[in-house]
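Worksheet: the structure to be examined is printed underneath.
Given the structure is predicted, the values throughout are model-derived calculations rather than measurements.
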Amino acid sequence: MVALALDIGETRIGIAVSDRSGRVASPVKVLPAAEVIGLAKSFLYIVEDYEPDVLVSGRPMTMAGERGPQAERVEVQAQKIADALDLPLYFEDERLSSAEAKRILREQGLSEKQMRGKVDMIAASLFLQSWLDSRQERDERG
């Protein structure tokens, strides 16, 4: 099962994908939000390349674990994309994924400017990995 993850921001959308076994998430690309939401060729080529079985979107949550102010906008956009691609849609808490992505990139010696285009796809891979891990744990428990 291949999962395609989207970290939906107002300007950019980070894209990550799992391997065929559904165990390992990898960052893929960051595209302008308008290209993904508008199903531009740049995004559709990625969908064609990876042939995902499911779509996983980050859901912005508050630190208290409640739906954040951006949650509704993200949910509507994710549902529109999932419907257009005819894929089942799942949501994963993305609360700390961007901060963690920045920490990882800083450790690799990147400046804020160098990070700009990478944070969203790293964040998408982090919450996708979390989603994959929780799914794996459920499967193992039966």
To the nearest 0.5 angstrom, please state how far the [atom1] atom of [X] sits from the [atom2] atom of [Y].
X: K118; Y: I104; atom1: NZ; atom2: CD1; answer: 14.0 Å
X: D120; Y: E94; atom1: CG; atom2: CD; answer: 9.5 Å
X: E92; Y: R135; atom1: CD; atom2: CZ; answer: 12.0 Å
X: E100; Y: L105; atom1: CD; atom2: CG; answer: 10.0 Å
X: S97; Y: L128; atom1: OG; atom2: CG; answer: 11.0 Å

What side-chain donor-acceptor pairs closer than 3.5 Å can you find for residues 38-60, not counting sequence neighbours?
residue, atom, partner, partner atom, Å
S42, OG, E35, OE1, 2.4
D53, OD2, V2, N, 2.7
R59, NE, E75, OE2, 2.8

Between [X] and [Y], what is the shortest heavy-atom contact and its length?
X: F91; Y: W131; value: O-CD1, 4.3 Å
X: D7; Y: A123; value: OD2-CB, 3.4 Å
X: G9; Y: A33; value: O-CB, 3.7 Å
X: G14; Y: A124; value: O-CB, 3.7 Å
X: A101; Y: L126; value: N-CD1, 3.7 Å
X: I122; Y: P27; value: CD1-CG, 3.9 Å

If you count the non-hydrogen atoms of other residues, nucleotides and ligands that lie under 6.0 Å from CD in E72, is the total more than 12?
->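 No.
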So does R23 have more than 12 non-hydrogen atoms from other groups sitting under 6.0 Å from CZ?
->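 Atom CZ in R23 is not packed in, count stays at 12 or less.
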Transitively linked via ILVMFWY side-chain contacts under 4.5 Å: [X] with [Y]?
X: I8; Y: L4; value: yes
X: L6; Y: L31; value: yes
X: F127; Y: M61; value: no
X: L87; Y: V28; value: yes

Quick one: are L132 and Q136 in side-chain contact, heavy atoms under 4.5 Å?
->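 Heavy-atom side-chain distance check fails, nothing below 4.5 Å.
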Within a strict 4.5 Å, meaning less than it, do heavy atoms of the M115 and R106 side chains meet?
->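 M115 vs R106: side chains touch.
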Please walk me through it: do V30 and I15 pass side chain to side chain contact (heavy atoms under 4.5 Å, CB included)?
-> CA-CA 6 Å; V30 175; I15 303 169; over 6 Å; no
Check whether any side-chain N or O of D19 sits under 3.5 Å from a backbone N or O of V24 as a donor-acceptor pair, and report yes or no.
->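 Pair found, side chain donor or acceptor close to backbone of V24.
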